[in-house]
Trainee: 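Take a look at this one; I'll ask things after.
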2 protein chains.
Amino acid sequence: MTEAQASRLDPVFHALSDATRRRMLHDLARGERTVSELAEPFSMSLQAASKHIKVLEGAGLIRRQVLGRTHKCRLEPAPLANAFQWLGFYEQFWTARLDALDALLRAEDARKSRSPRKRR
Amino acid sequence: MTEAQASRLDPVFHALSDATRRRMLHDLARGERTVSELAEPFSMSLQAASKHIKVLEGAGLIRRQVLGRTHKCRLEPAPLANAFQWLGFYEQFWTARLDALDALLRAEDARKSRSPRKRR
DNA sequence: TCGATAGTCAACCATGTGGTTTATTATTTT
DNA sequence: AAAATAATAAACCACATGGTTGACTATCGA
């Protein structure tokens, strides 16, 4: 990952740190949505929702197309890919831990097989 | 992902939204570190670094073992795996876009092959 | 043209964030 | 016992965040 991409992770992870914005992204995964449509599921003012949308836009997670008085928003996946890639570096740690657990369970299984009073 | 896991994404993504804390995690990927060791690379007070460490701890990203007056910190990968899994849902969108780009390039290449004035 | 609709802007508020400095606790070293 | 070290706690500061309400702009539809 380049330095420029890494520095843009700040606003991306910040945008993702709010459940409202994550729900909006999930909604946008189903297709384009207007600002009103994105705001509708939430019990907050349209203005508050509009701020959330601007945070997502500022992080590059969505783009908007103004059509008359409505704004169509669509998902922009590239920054999510960057975040995913950053997290991917740590995959070795959780898979290592799962491998260890797996090994432990296999060893336990083998032990039970040698004294087969009650196989699972 | 369960609802309980999803709700814990808030502090995880928030912890990741700061470059200082991301660097600390990267450092911890190399092995255990004390609070002082984690703070050393940064031009900020030990107290400020200690706050960052507490944010990471609060998100469950690190655990600490108190040994006398030193605190050994180690990486806790599980919440990173949750975040990775959450982002993984969107993988379809960036791979779709790359596939489309790929198709476009292939089509362009084919066009050039049919009128082979100057092959790339 | 006139009212309804989509959306933003601006001001305000309570709380959170990231940093500082000073003080404190607990442990290790001499 | 005294000094040095590792780390936290607390108070403070400037600024960001997430929400509100009220006013405004621009477009659509009757």
Side-chain angles (χ1 to χ4, degrees), chain A residues 6-28 31-76 79, chain B residues 6-28 31-76 79:
Chain A
S7 71
R8 294 194 191 129
L9 285 178
D10 275 43
V12 173
F13 279 128
H14 170 252
L16 297 180
S17 73
D18 185 284
T20 297
R21 292 191 286 263
R22 290 200 303 277
R23 277 191 62 188
M24 284 179 167
L25 285 183
H26 216 84
D27 201 7
L28 284 166
E32 288 194 348
R33 296 285 187 274
T34 68
V35 170
S36 299
E37 287 167 352
L38 282 175
E40 195 275 330
F42 303 99
S43 58
M44 68 176 67
S45 66
L46 177 66
Q47 291 92 323
S50 172
K51 282 191 188 179
H52 282 297
I53 293 171
K54 260 178 280 190
V55 171
L56 291 169
E57 202 178 9
L61 289 167
I62 68 177
R63 283 177 181 272
R64 121 174 32 200
Q65 184 184 10
V66 179
L67 297 170
R69 60 182 167 174
T70 70
H71 297 198
K72 284 279 187 188
C73 302
R74 67 171 208 277
L75 188 66
E76 193 64 49
Chain B
S7 71
R8 293 195 192 130
L9 286 177
D10 275 44
V12 172
F13 280 128
H14 171 251
L16 297 180
S17 74
D18 185 283
T20 298
R21 292 191 286 263
R22 289 200 304 276
R23 277 192 61 189
M24 285 179 167
L25 285 183
H26 217 83
D27 200 8
L28 284 167
E32 289 193 348
R33 295 286 186 273
T34 67
V35 170
S36 300
E37 286 167 352
L38 282 175
E40 196 276 330
F42 303 98
S43 59
M44 67 176 68
S45 66
L46 178 66
Q47 291 91 325
S50 172
K51 282 190 188 180
H52 282 297
I53 293 170
K54 260 178 279 191
V55 171
L56 291 169
E57 202 178 9
L61 288 167
I62 67 177
R63 284 177 181 272
R64 113 171 44 196
Q65 183 185 10
V66 179
L67 297 170
R69 62 183 166 175
T70 71
H71 297 197
K72 284 279 187 187
C73 301
R74 66 172 209 276
L75 188 66
E76 193 64 50

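Numbers restart at 1 for each chain; the letters A, B, ... are given by sequence-line order, proteins then strands.
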Trainee: Could you give the CZ-to-C1' distance, from A/R21 to D/dT17, as a whole number of Å?
Mentor: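 About 8 Å, once rounded to whole Å.
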Trainee: Without decimals, in angstroms, what is the distance between A/H52 NE2 and D/dA16 C1'?
Mentor: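 Interatomic distance, NE2 of A/H52 to C1' of D/dA16: 14 Å.
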Trainee: Would you state whether a donor and an acceptor, one from the side chain of A/Q47 and one from the base of D/dG18, lie under 3.5 Å apart?
Mentor: no
Trainee: Rounded to the nearest Å, what distance is computed from the CD atom of residue A/Q65 to the P atom of nucleotide D/dT27?
Mentor: 15 Å
Trainee: Would you indicate whether the side-chain heavy atoms of A/F13 and B/R22 approach each other to under 4.5 Å?
Mentor: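 Yes - at least one pair of side-chain heavy atoms lies under 4.5 Å apart.
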Trainee: Within this structure, what is the CZ-to-P distance between A/F42 and D/dG19, rounded to whole angstrom?
Mentor: 10 Å
Trainee: Within the 4.0 Å heavy-atom criterion, would you say B/T20 contacts the bases, only the backbone, or no part of the nucleic acid?
Mentor: nothing
Trainee: Main chain of A/H14, side chain of A/R21: is a donor-acceptor contact present, judged purely on distance under 3.5 Å?
Mentor: yes
Trainee: First contact, last contact: which nucleotides of DNA chain C are these for chain B, 5' to 3', heavy-atom distance under 4.0 Å?
Mentor: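 For DNA chain C, the relevant span reads C/dT17 to C/dT28.
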Trainee: Do the non-hydrogen side-chain atoms of B/E37 and B/D27 ever get within less than 4.5 Å of each other?
Mentor: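 With C-beta onward as the side chain, the pair stays apart.
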Trainee: Looking at the side chain of A/R69, which of D/dA7, D/dT27, D/dG19 is the nearest nucleotide?
Mentor: D/dT27
Trainee: If each of A/G68 and A/V55 is mapped to the nucleotide of DNA chain D with the nearest heavy atom, which maps nearer the 5' terminus, i.e. the 5' end?
Mentor: A/V55
Trainee: Pair B/E32, B/K72 - check salt bridge (charged side-chain N to carboxylate O under 4.0 Å, His left out), show working.
Mentor: CA-CA 6 Å; B/E32 289 193 348; B/K72 284 279 187 187; 5.0 Å; no
Trainee: So which heavy atom on B/S36 is nearest to which on B/L46, and how close?
Mentor: CA-CD1, 4.2 Å
Trainee: Could you state the CD-P distance from B/E40 to D/dA6, rounded to the nearest angstrom?
Mentor: 12 Å
Trainee: Do A/I53 and A/R64 touch side chain to side chain, with heavy atoms closer than 4.5 Å?
Mentor: yes
Trainee: Looking at CD of B/Q65 and OG1 of B/T70, how far apart are the two atoms once the value is rounded to the nearest 0.5 Å?
Mentor: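 Spacing of CD (B/Q65) from OG1 (B/T70) equals 9.0 Å.
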Trainee: Let me know the distance between CD1 of B/I62 and P of D/dA7, rounded to the nearest Å.
Mentor: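 It works out to 12 Å between those atoms.
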Trainee: Check whether any side-chain N or O of B/K54 sits under 4.0 Å from OP1 or OP2 of D/dA9, and answer yes or no.
Mentor: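 Checking D/dA9 against B/K54, a side-chain N or O does come within under 4.0 Å of OP1 or OP2.
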Trainee: Any side-chain N or O of B/T70 under 4.0 Å from OP1/OP2 of D/dA6?
Mentor: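 For B/T70, the contact criterion (side-chain N or O under 4.0 Å from OP1 or OP2 of D/dA6) is not met.
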Trainee: Reckon A/S45 touches a base, only the sugar-phosphate, or nothing at all at heavy-atom distances under 4.0 Å?
Mentor: base
